[in-house]
Amino acid sequence: DAGVTQSPTHLIKTRGQQVTLRCSPKSGHDTVSWYQQALGQGPQFIFQYYEEEERQRGNFPDRFSGHQFPNYSSELNVNALLLGDSALYLCASSLGLFMNTEAFFGQGTRLTVV
Amino acid sequence: SQQGEEDPQALSIQEGENATMNCSYKTSINNLQWYRQNSGRGLVHLILIRSNEREKHSGRLRVTLDTSKKSSSLLITASRAADTASYFCATDWSNFGNEKLTFGTGTRLTIIP
C-alpha cells in the first residue's frame with residue numbers, strides 16, 4: 001500500500017519564476033491538503049482539496065494555487081516566487097472532510113528560491 | 001492564532017529513559033494528532049486522540065488529553081537512538097473535523113546512546 005508520494009523531492013528556482021509541485025494521496029484517500037514548513041517552524045496550512053474543489057484556505061496569497069484531479073492527486077502552483085517561499089512543502093491526505101481521521105504526510109518537496 | 005505550543009522546545013535524555021513532551025492549545029478541538037519528523041523530512045503519523053478520549057497507547061507511545069486544561073502529553077517509554085527527531089502536535093479545531101491541522105513549533109528530542 002503506497003503512502004503519500006510527492007515529486008520532485010528537491011527543486012531550485014529563481015526569484016520570479018513559477019513552480020508546480022505534485023502529490024499522490026494514500027490509497028483510498030480522497031482529500032489532499034498542502035502545508036508549508038519554514039526552517040525551524042511547524043507546518044502551516046495552505047489549502048485543502050476535496051471533490052476537486054478548494055474547501056479551506058490558510059493565510060497565503062493568491063500566488064499559491066492548486067488543483068485536484070479526478071484520481072484525487074493534486075498539484076500546488078506558486079507564481080512569482082519570492083525568496084521567502086523557500087521551504088519544505090508537505091502534502092497530506094485523509095479520508096473525507098468530516099471523518100475526524102488521521103492525516104498522512106508525504107516526504108515533502110524542498111523548494112529553494114535563489 | 002490557534003497555533004499550539006510544545007514544551008519543552010528541546011529535550012536530551014539517555015537511551016532507555018522515558019521522554020515526555022507536552023502540547024497546549026487555545027480553543028476546543030475535534031482531535032489532536034502527534035507526528036514525528038526526522039531531519040526536516042516528511043511527517044510520520046504517530047497517534048490520533050479524539051476530544052472525547054483521555055488516553056491512548058500505541059506500542060511505546062502513550063498520549064493523554066485534558067480538554068479542560070487544553071493540553072496533551074506524549075510519553076515515549078524506553079527510548080532508543082532512532083527516536084531522535086522533532087515531535088509535533090497538531091490540532092483539528094474546524095467545525096466538522098478533518099478540515100485542517102494547526103501545528104505547534106515542535107519539541108526536538110535527542111537520545112544519547
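Chain naming here is simple, since letters A, B, ... match the order of the sequence lines and numbering starts at 1 in each. Both backbone and side-chain heavy atoms feed into the values below; hydrogens, waters and symmetry mates do not.
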Counting only heavy atoms not in [X] (residues, nucleotides, ligands), do more than 12 fall under 6.0 Å from its [atom1]?
| X | atom1 | answer |
| --- | --- | --- |
| Tyr72(A) | OH | no |
| Asn52(B) | CG | yes |
| Ile12(A) | CD1 | no |

Measuring from [X]:[atom1] to [Y]:[atom2], what's the distance to the nearest 0.5 Å?
| X | Y | atom1 | atom2 | answer |
| --- | --- | --- | --- | --- |
| Gln107(A) | Asn38(B) | CD | CG | 9.0 Å |
| Gln48(A) | Leu101(B) | CD | CG | 9.0 Å |
| Cys91(A) | Leu43(B) | SG | CG | 11.5 Å |

**Request:** Considering non-hydrogen atoms only, spot the tightest contact between Arg41(B) and Leu88(A) and give its length.
**Result:**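 Looking at all heavy atoms of both residues, the closest pair is O-CD2, 3.7 Å.
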**Message:** Give me the atom names and distance for the closest heavy-atom approach of Thr105(B) to Gln41(A).
**Reply:**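 That would be CG2-OE1, 4.3 Å.
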**Asked** Given the rule in the side chain to side chain contact (heavy atoms under 4.5 Å, CB included) test, do Arg57(A) and Lys100(B) qualify, once you have shown the distances and angles that lead to the verdict?
**Response** CA-CA 9 Å; Arg57(A) 189 177 183 93; Lys100(B) 61 181 178 181; over 6 Å; no
**Prompt:** Do the ring planes of Phe105(A) and Tyr35(B) sit parallel (below 30°), tilted (30 to 60°) or perpendicular (above 60°)?
**Reply:**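 The rings of Phe105(A) and Tyr35(B) stand perpendicular, inter-plane angle above 60°.
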**Asked** Between Gln6(A) and chain B, which part of the residue has a heavy atom less than 4.5 Å away: side chain, backbone, both or neither?
**Response** neither
**Message:** Quick check: is Leu111(A) connected to Leu76(A) through a chain of hydrophobic side chains (ILVMFWY, heavy atoms under 4.5 Å apart)?
**Reply:** yes
**Item:** same_hphob_cluster(Leu74(B), Tyr25(B)) at 4.5 Å side-chain heavy-atom cutoff
**Value:** yes
**Message:** Could you check, using the six-membered ring where one of them is a Trp, whether Tyr35(A) and Phe103(B) have ring centers closer than 6.0 angstrom?
**Reply:** yes
**Item:** Heavy-atom contact with chain A under 4.5 Å, split by part of Gln37(B)
**Value:** side chain
**Message:** Please check this pair: side chain of Gln33(B) against backbone of Ala103(A), looking for a donor-acceptor N/O pair closer than 3.5 Å.
**Reply:**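 Between the backbone of Ala103(A) and the side chain of Gln33(B) there is a qualifying donor-acceptor contact (under 3.5 Å).
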